[in-house]
Amino acid sequence: MPTVKILVIPGSLRTGSINARLAAVVAKEFALAGVDVTRLSLADYPLPLYDGDLEAKSGVPKNALNLKRMLGAHHGVVFVTPEYNSSLPPLLKNAIDWITRVEDGNETQGQVFRERAFAMASASEGKLGGSRCLAALRLILSGCRATVIPNQLALSFADQAYDERERLKHKADSDALRGMVTQLIDVAQQMTRGA
Ligand SMILES: Cc1cc2nc3c(=O)[nH]c(=O)nc-3n(C[C@H](O)[C@H](O)[C@H](O)COP(=O)(O)O)c2cc1C
């Protein structure tokens, strides 16, 4: 059984992003659980806004292929995303849309979503912790026929959620984080065995 590889993708590029901060904590928890973890920045995969005319003229951008291959090189993927108006930000939705358009060798469109496990987290300074955006993201990923684990982390009042060692200080939050990490590793292992 190869070491499980997990990819963490923050859905914000903003300086001081509370979701990039949470993504770092999520990645650390996976590392503590003994799996290989990679955290990428969507800044390294700039993509135009999806446009069918652009796709017809120029094809799918190389960065969408590269991003799809990054997903494909991991057994599990975690999106850590801000909530924008009860849904997910265009940065992340656009990246997902482009990835679903990639055809790569013998792989069909969207195959990369169907063959691995996904988890989701969100940080917000509000009391719902981005939970509406997680519902929207779950719907989108389910539409891609991805396996999305039930456990998730909606970090409310994210500006007050950490202790001085950058750990989640509330038990409910740290339990939710651990539950998500453990379940994603389990499901990713099961899917790898079944492959
Ligand atoms: C266009 C826009 C819409 C937003 N809508 C919501 C929302 O529906 N729920 C929420 O909790 N926060 C909302 N926010 C606040 C974001 O959660 C906050 O700006 C957060 O810091 C963004 O994440 P980041 O720090 O990782 O970039 C919104 C922010 C913007 C810019």
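All ligand and atom numbering here is 1-based and tracks the order in the structure. Note: hydrogens, waters and symmetry copies are ignored here, and every other heavy atom, side chains too, is used.
Using a 4.0 Å cutoff on heavy atoms, G130 does not count as a contact of ligand 1.
Ligand 1 has no nitrogen or oxygen under 3.5 angstrom from a nitrogen or oxygen of G126.
Counting only heavy atoms, the protein never gets under 4.0 Å from atom 19 (O) of ligand 1.
A distance-only check finds no donor-acceptor pair linking the side chain of S122 to the backbone of A154 [under 3.5 Å]. Side chain of D173 to main chain of L168: no donor-acceptor pair is present (N/O by atom type, distance under 3.5 Å, no hydrogens or angles). In this structure a side-chain-to-backbone donor-acceptor pair under 3.5 Å is present from R138 to I149. In terms of modelled atom types and a separation under 3.5 Å, the side chain of R14 and the main chain of G16 share a donor-acceptor contact. When atom types are taken as modelled, the side chain of T100 and the backbone of D97 share a donor-acceptor pair closer than 3.5 angstrom. In this structure a side-chain-to-backbone donor-acceptor pair under 3.5 Å is present from R116 to H74.
No salt bridge links K169 with E164; every basic N to acidic carboxylate O contact stays at or beyond 4.0 Å.
The N19 neighbourhood of ligand 1 comprises atoms 23 (O), 24 (P), 26 (O), with distances under 4.0 Å to a heavy atom of that residue. Atom numbering of ligand 1 starts at 1 in the shown order; those under 4.0 Å from a heavy atom of R14 are 21 (O), 24 (P), 25 (O), 27 (O). For ligand 1, the atoms lying closer than 4.0 Å to a non-hydrogen atom of P82 are 22 (C), 23 (O), 26 (O).
The part of R132 lying near ligand 1 is the side chain, judged by heavy-atom distances below 4.0 Å. By the criterion of a heavy-atom distance under 4.0 Å, both the backbone and the side chain of E83 are placed next to ligand 1. Heavy atoms of S17 found under 4.0 angstrom from ligand 1 belong to the backbone as well as the side chain.
Distance CG/L49 to CH2/W98: 9.0 Å, rounded to 0.5 Å.
The shortest contact between atom 11 (O) of ligand 1 and any protein heavy atom is with S124 OG, 2.6 Å. In this structure, atom 5 (N) of ligand 1 lies nearest to the protein heavy atom N85 N, 2.7 Å. For atom 8 (O) of ligand 1, the closest non-hydrogen atom on the protein side is S86 N, 2.9 Å. Looking at atom 27 (O) of ligand 1, its nearest protein heavy atom turns out to be S12 OG, 2.7 Å.
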Inset, instruction - In sequence, state the C-alpha distance, the side-chain angles, and the governing distance for E166 and R21, and then conclude on salt bridge (Lys or Arg N to Asp or Glu O under 4.0 Å). - result: CA-CA 9 Å; E166 198 61 6; R21 184 181 187 186; 2.6 Å; yes

